[in-house]
Every structure is written in structure tokens, then in C-alpha cells.
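Only this structure's heavy atoms are used, side chains among them; waters, hydrogens and symmetry mates stay out.
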Amino acid sequence: MKDISNNESTSHTTEEWENYQLLEETKKLRTGKSTLYVPKKNRYEDLESTAVIFSVFGIIGDVLVVLTALEIINIPFFRGLSSQISMAILFTIFLFIGIHSWFKAKTLKPQISAEEDTTSQINTWMKEQITKEILSTVEDSSSPEEINILNKLSYMHELVSKQFPDADSDYLDLLIENFYNDLYA
């Protein structure tokens with residue numbers, strides 16, 4: 001009887017150990033940046049829409065404040081001098097945010113095609129070099145599926161990093177995850 005309970009506690013301990021290992025692997029993945037890589041095309045689109053929205057609201061708001069101050073139109077909310085000054089500052093800040101976003105978008109736009117070319121090169125290389133058979137070599141039948149997936153992704157990252165050493169690590173992670181999902185879809 002003592003042996004049975006001892007075996008049960010050993011198997012329970014083994015299961016706890018595997019869960020602990022899985023938790024530690026997850027923690028290792030989270031030690032880097034907490035945000036995912038956003039492709040430059042998406043960042044450009046975000047900056048462009050931010051620029052438009054803030055610029056339009058900034059211009060319209062400043063025009064309304066000036067027209068109210070000159071008593072051409074009557075907006076009750078903008079009547080007092082302190083309200084006009086506060087609103088003018090607010091809308092001018094909106095305008096500066098819009099202008100700043102335009103400049104950031106302008107500097108980012110030329111980088112989009114280079115990133116798309118690099119993405120195409122990396123994806124083509126992965127399609128030619130990384131297969132399910134190659135990834136099966138890093139599988140461990142005694143490990144949980146999650147650990148095997150993490151091992152495969154880590155192995156893929158090593159392979160791609162050696163081939164493209166100048167590429168950003170987070171950028172590679174995005175491409176590798178997308179490729180992995182397509183490969184095992």
C-alpha cells in the first residue's frame with residue numbers, strides 16, 4: 001500500500017514538475033517586450049489616420065474659438081476668456097499632434113517597401129527550408145504539446161536568425177508564428 005501511494009505522489013509530482021516547466025517557459029517568453037511587433041505598413045496607416053483626425057479637430061476647434069472670440073458666432077461654451085484660452089490651447093495641441101503624426105508617417109512610408117521585401121524573402125526562405133519533418137526532430141514525445149510548440153518556434157527562430165541576422169527579433173517572431181500557423185493549419 002505504501003508503494004502505491006508513493007507512486008501516486010511521484011506521478012503527481014511529475015505532473016506538477018511538467019506544469020512548472022511549462023510555466024517557466026512561458027515566463028521566459030514574457031521577459032522581453034510586452035508588445036507584439038506591428039508591421040510598418042500598419043504603423044503608417046495608424047499614424048496617417050491619427051494625423052488626419054487630430055489635424056481636422058485642431059483646425060476646426062481653433063477656427064471656432066477665433067470666431068467666438070471675434071463674436072462672429074456665438075458658442076456658449078466658448079464665451080469666457082478663460083474658456084477661450086483653454087480651448088485654444090487644447091485645439092492647438094491637437095493640431096501639433098496631427099502635424100507630428102504627419103512627419104512620423106512621412107519618415108515611415110519609405111521603410112514599408114523594404115520591410116515588405118524582407119518579409120517576402122524570409123517567408124520564401126522558410127517555405128523552402130522549414131518543413132514539418134525538420135520540426136519533428138525537436139519534438140519530445142514525453143513533453144506536453146505546448147512545450148513542443150515552444151521548442152519548434154524557438155528552433156525556427158534560431159534557423160531564421162542565422163539566415164537573417166540583421167532582422168529584428170520581434171519581427172522574426174511575428175513571421176515565424178504566422179508561418180507556423182500556416183504550416184500546421
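In terms of modelled atom types and a separation under 3.5 Å, the side chain of Thr118 and the main chain of Ala114 share a donor-acceptor contact. Between the side chain of Ser161 and the backbone N or O of Glu158 there is no donor-acceptor pair closer than 3.5 Å. In this structure a side-chain-to-backbone donor-acceptor pair under 3.5 Å is missing from Asn123 to Leu175. Between the side chain of Tyr37 and the main chain of Asp168, no donor-acceptor pair closer than 3.5 Å is present.
Leu174 places a side-chain heavy atom less than 4.5 Å from the side chain of Pro39. Between Leu90 and Ile93, the closest side-chain pair of non-hydrogen atoms is not below 4.5 Å. Between Tyr184 and Ile149, every side-chain heavy-atom pair lies at or beyond the 4.5 Å cut-off. Taking 4.5 Å as the limit, every side-chain heavy atom of Asn151 sits out of range of all side-chain heavy atoms of Ser154.
Cluster membership for Phe54 and Phe96, using ILVMFWY side-chain heavy atoms within less than 4.5 angstrom, is not shared. In this structure, Leu36 is not a member of the same hydrophobic cluster as Val38, with clusters built from ILVMFWY side-chain heavy atoms closer than 4.5 Å.
Across Val138, Ile147, Ile130, Ile176, a single residue satisfies side-chain contact (heavy atoms from CB on, under 4.5 Å) together with Lys152, and that is Val138.
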Evaluation steps, side chain to side chain contact (heavy atoms under 4.5 Å, CB included), between Leu95 and Ile99: CA-CA 6 Å; Leu95 186 57; Ile99 292 169; 4.0 Å; yes
Verdict with supporting geometry, Thr119 and Tyr171, side-chain hydrogen bond (donor to acceptor under 3.5 Å, both in side chains): CA-CA 9 Å; Thr119 299; Tyr171 169 62; 2.4 Å; yes
Test side chain to side chain contact (heavy atoms under 4.5 Å, CB included) applied to Leu135 and Leu183, step by step: CA-CA 11 Å; Leu135 294 178; Leu183 187 64; 3.8 Å; yes
Step-by-step side chain to side chain contact (heavy atoms under 4.5 Å, CB included) determination, Ile122 to Val160: CA-CA 8 Å; Ile122 293 171; Val160 176; 4.0 Å; yes
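Atoms CD and NZ, from Glu48 and Lys104 in turn, are 14.0 Å apart once rounded to the nearest 0.5 Å. Taken from NZ in Lys109 to NZ in Lys40, the straight-line distance is 15.5 Å, to the nearest 0.5 Å. Within the model, atoms CG of Leu172 and CG of Leu153 stand 12.5 Å from one another, a figure rounded to the nearest 0.5 Å. Taken from CD in Gln163 to CE in Met126, the straight-line distance is 11.5 Å, to the nearest 0.5 Å. Residue Met156 holds its CE atom at 9.5 Å from CD of Glu177, rounded to the nearest 0.5 Å. One finds the CG atom of Leu81 at 4.0 Å from the CD1 atom of Ile85 (value rounded to the nearest 0.5 Å).
Hydrophobic clustering, defined by side-chain heavy atoms of Ile, Leu, Val, Met, Phe, Trp and Tyr closer than 4.5 Å, groups Leu47 together with Tyr44, Leu108, Ile112.
At a threshold of 4.0 Å, the pair Lys41-Glu115 does not count as salt-bridged, since none of the basic side-chain nitrogens sits closer than that to a carboxylate oxygen.
Listed by chain and number, the residues in a side-chain hydrogen bond (donor to acceptor under 3.5 Å, both in side chains) with Asp62 are Thr92 (sequence neighbours excluded).
The heavy-atom pair separating Gly98 from Ala51 by the smallest distance is O-CB, 3.5 Å. Summarising the geometry of Val65 relative to Met87, their closest heavy-atom pair is CG2-CB, 3.7 Å, with the distance given to 0.1 Å.
Counting only residues at least two apart or in different chains, ring-ring contact (aromatic ring centres under 6.0 Å, His included) contacts with residues 56-76 are absent.
Ring geometry for Phe91 versus Phe94: interplanar angle over 60°, hence perpendicular rather than tilted (30 to 60°).
There is no side-chain donor-acceptor pair under 3.5 Å between Thr137 and Tyr155.
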